[in-house]
Amino acid sequence: MNNHYGEYDHIFQTKIDSWVPINRAVHDFFTQREIDALKRSERTFTCANRIVVFLSFENQFASLGGLAAVAHHLPLWLQKLNEKVLFFTPLHSKNTKTQDAIKNGKLVPVFSKKTLRICNYQGNVSCYEYCGSPYKSYFLEVDERFCAGDNPYAYEDKTELLIDALVFSAAVPFALAQLGVTSNLIFHAHDWETAPIAITSKLAVISNLINSARTLLTLHNSFDSGISQRHKTLFFGKNIPGETILQCTIPLLNGPLTTVSTPFAHELRHDPLQKGIFTDHLQRVFSMNPPIGIENGMFGEPVPPFSKGAIKNAVTGETDDLLSEKNELRNRLLGEIKTIKTDPRVRGSLSITGRNSKTPVFFMSGRLDFMQKGFDVIFNAFEKLPRGSAKLFFCPSSSHTDTRELTFFEKIALKCDGDIIIVPFRLSRGQYNAFLQGASYLLMPSFYEPFGAATEGMMNGTPVVARGTGGLWIQVNPHDGMYVPSFYGSMLDLDKRSDFPTGFLYREDYPDAAAQRNWREVIDLEPSKRLKNPLYTAMVDSAFNALKMAITAFGTKKYYGQMICNGLDSVNQFTWQRAVGKYKKIYDAACFRGSL
């Protein structure tokens, strides 16, 4: 196995060894009497009896992205590796899958309509236990909260989401007290929506609701939320320092701040897109608690869609059987396209048959997010290819995919008649697997990608073409040498990995100093007007070159087969056991060095 992932272990160990708590922040938040109460509580914390309280705003019923998958796998593996785990999540009452779970008896009431009081807020809390979970899972319901619908974040008024986050973070310690679990708690929050537990858990200790607790936070993206003085006073009883949730909460963490890949941890402080736009307001708190990357495991079992014999032969360099089975998967994809293309929602068309065996099919899917995903870059690059040299299957998922957001993509699909098909609705799992396994390449052109689904492509026998950013730097072994921005320093050693390619990485050659200014314009412009921006143009040119290389590689069957084989091997590095081993060290740091 080409084990390049281990190269980042020393970065993790160095960062965790150098982490120190910034206790002075506590004096900005609490009175001396409150600090004394917290210190008395700290002295009773026993690491050997710690209980990890895992908090996620998403769950198996209300899922939008990778967080829900992490919220399933990580607690499971924590428990397998001898951590005591409790899982808490909101009960999103207007979510149809949640409603079905209650009707079907999967969510069983534990207590109902208990009155929660915290500072100037009062609400009624009910608790359900998910009886189908391998670890203790609790869903908290609060009157008139968590009402966004099937998308738990989809409020027109974003203040409603803020209040949901504050209410949930207040309700968790209250629910634990009702359950009789009050000591040696390590709250492991995920993203800003659960980060307020860093404050509410301390208020719960001060008020004697719980006995002892410490808080950690993992960021799966760089999203944040403003918080007004009124909402601080309502839930915290005081106007604590900070204009956003993360500004308020990161200084109060009891351990290292973590995120989901080593490169993304670095980018949060150094990438012009992050530090100049998305996280500029967080640079001070990041300097107090520098982010540490811990790569996710695989979102699924690594069961390749090939026979053992074909894989065994490919490992020795004989890829004919592997490619023959890959071609069968391609034919299955073409059959699914014939079925799906009659749907009136489908845009564009693919003129392709089994005879076009030398024509690669690129597959691209995901949330239609013009601020992150970079799908428009690929369309602009694909338009420059000779017609008929490649095919593109695009499956955007969004609550607005039947609106003008698709216009940009439709116009290019018309220009590339027969080469592009757009399926703007959610695929069934069977359809998705057919397209992912049958495609020649998975495309991931993200502007930023904290971790990414590249491993999903490779474990299904599909090489990846991706922009070099975030976790994609680690997941994809590039075809050959490529441009790496100077702000990464020496942390990305790609040369060793190009001997075991699993796809193609591209990155625009553009000065770091100018990138921040140009990124602001790219983000503000609608896709049809972005080509006038020089940074964006450089990105399109870089993607175009990567597509051309991928087309050439697909025509070189032995090389393409070896990329598939390398990918099947490479994904085995991304295990939850490995991730949990690092999180356990984070918990140890919180236990032994995280006291006030």
Side-chain angles (χ1 to χ4, degrees), residues 21 25-26 29-30 38 41-42 44-47 49-59 67 70-71 74-75 78-79 83-90 116 118 125 127 135-140 164-220 235-236 240 245-246 248-259 289 292 294 580 583-596:
V26 177
F29 290 73
F30 299 105
L38 291 170
S41 161
E42 293 279 3
T44 70
F45 192 98
T46 306
C47 185
N49 297 327
R50 71 192 185 198
I51 300 171
V52 177
V53 183
F54 194 101
L55 309 183
S56 172
F57 202 74
E58 295 184 29
N59 52 61
L67 176 57
V70 173
L74 190 50
L78 282 168
Q79 183 165 280
E83 292 286 347
K84 300 173 186 175
V85 182
L86 301 177
F87 177 80
F88 279 83
T89 187
L116 160 69
I118 179 173
V125 180
C127 178
Y135 42 83
K136 288 285 186 180
S137 296
Y138 297 101
F139 288 63
L140 300 185
D164 274 2
L166 294 168
V167 168
F168 176 68
S169 298
V172 169
F174 176 80
L176 283 163
Q178 299 297 315
L179 296 169
V181 182
T182 59
S183 300
N184 309 311
L185 306 172
I186 293 183
F187 290 105
H188 189 169
H190 293 264
D191 287 338
W192 75 263
E193 290 87 355
T194 59
I197 194 70
I199 300 171
T200 59
S201 62
K202 291 176 173 59
L203 294 175
V205 167
I206 291 167
S207 65
N208 294 315
L209 186 65
I210 59 176
N211 296 328
S212 55
R214 297 182 183 181
T215 301
L216 298 166
L217 174 64
T218 297
L219 296 178
H220 297 254
F235 286 91
F236 308 147
I240 61 178
I245 290 291
L246 294 181
C248 291
T249 56
I250 289 175
L252 288 178
L253 298 178
N254 298 100
L257 173 66
T258 55
T259 188
N289 196 337
I292 298 178
I294 300 178
V580 166
Y583 278 115
K584 286 170 74 74
K585 291 184 177 181
I586 298 293
Y587 301 154
D588 289 343
C591 285
F592 298 115
R593 289 185 279 152
S595 59
L596 298 177

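The first residue of the sequence shown is numbered 1, and numbering continues consecutively from there.
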Quick one: closest heavy-atom pair of F45 and C591, and the distance? CE2-SG, 3.7 Å
So, does S137 use its side chain to make a donor-acceptor pair with the main chain of Y135 at under 3.5 Å? yes
Restricting to non-hydrogen atoms, name the atom on F57 and the atom on T194 that form the minimum distance, rounded to 0.1 Å. N-CG2, 4.0 Å
Any donor and acceptor pair, going by atom type alone, linking the side chain of K202 with main-chain N or O of V26 inside 3.5 Å? no
With L217, which of L246, I197, N289, T259 fulfils side-chain contact (heavy atoms from CB on, under 4.5 Å)? L246
Run the side chain to side chain contact (heavy atoms under 4.5 Å, CB included) test on L252 and F30 for me, step by step, so that the C-alpha distance in whole Å, both residues' side-chain angles and the decisive distance to 0.1 Å come before the verdict. CA-CA 11 Å; L252 288 178; F30 299 105; 4.2 Å; yes
Donor-acceptor check, side chain of N254 to backbone of A590, threshold 3.5 angstrom: yes or no? no
Does any N or O in the side chain of S56 come within less than 3.5 Å of the main-chain N or O of T89, such that one atom is a donor and the other an acceptor? no
By side chain to side chain donor-acceptor pair (under 3.5 Å) - contacts of Q79 (at least two apart): none
Ring-face cation contact, Y587 with R50, 6.0 Å cut, 45° max: no
Return the minimal non-hydrogen interatomic distance between F168 and P90, and the atom names on each side. CE1-N, 3.5 Å
Nearest 0.5 Å please: distance from the CD1 atom of I210 over to the CG atom of L185. 5.5 Å
I586 versus I294: any side-chain heavy-atom pair under 4.5 Å? yes
Please check if the side chain of S169 supplies one atom and the backbone of T200 the other of a donor-acceptor pair under 3.5 Å. no
Distance (rounded to the nearest 0.5 Å) between L55 CG and E193 CD: 12.0 Å
Flag side-chain contact, heavy atom, 4.5 Å: T182 against L176: no
Heavy atoms only: give me the nearest F235-L166 pair and the separation to one decimal. CD1-CD1, 3.7 Å
Taking side-chain contact (heavy atoms from CB on, under 4.5 Å) as the criterion, tell me which of N184, L86, I186 meets it with I51. L86
Among residues at least two apart in sequence or on other chains, which ones pass ring-ring contact (aromatic ring centres under 6.0 Å, His included) with F236? none
Indicate the atoms forming the closest heavy-atom contact of A170 with L116, along with that distance. O-CD1, 3.9 Å
Which heavy atom of W192 sits nearest to which heavy atom of I245, and what is that distance? O-CG2, 3.6 Å
Under the 3.5 angstrom rule, does the side chain of S212 hit a backbone N or O of S183 as a donor-acceptor pair? no
Once side chain to side chain donor-acceptor pair (under 3.5 Å) is applied, do any residues pair with T258, and if so which ones, sequence neighbours excluded? T218
Between R593 (side chain only) and P21 (backbone N and O only), is there a donor and an acceptor less than 3.5 Å apart? no
Are side-chain heavy atoms of L253 and T249 found at a separation under 4.5 Å? no
To the nearest 0.5 Å, tell me how far L74 CG sits from F54 CZ. 4.5 Å
Tell me, please, which residues at least two apart from K585 pass salt bridge (charged side-chain N to carboxylate O under 4.0 Å, His left out). none
Apply side chain to side chain donor-acceptor pair (under 3.5 Å) to S201 and list each qualifying residue two or more places apart in sequence or on a separate chain. T215
Which residues pass the salt bridge (charged side-chain N to carboxylate O under 4.0 Å, His left out) test with D164, not counting sequence neighbours? R145
Assign the ring pair Y583 / H188 to parallel, tilted or perpendicular, where the plane angle (0 to 90°) is split at 30° and 60°. tilted
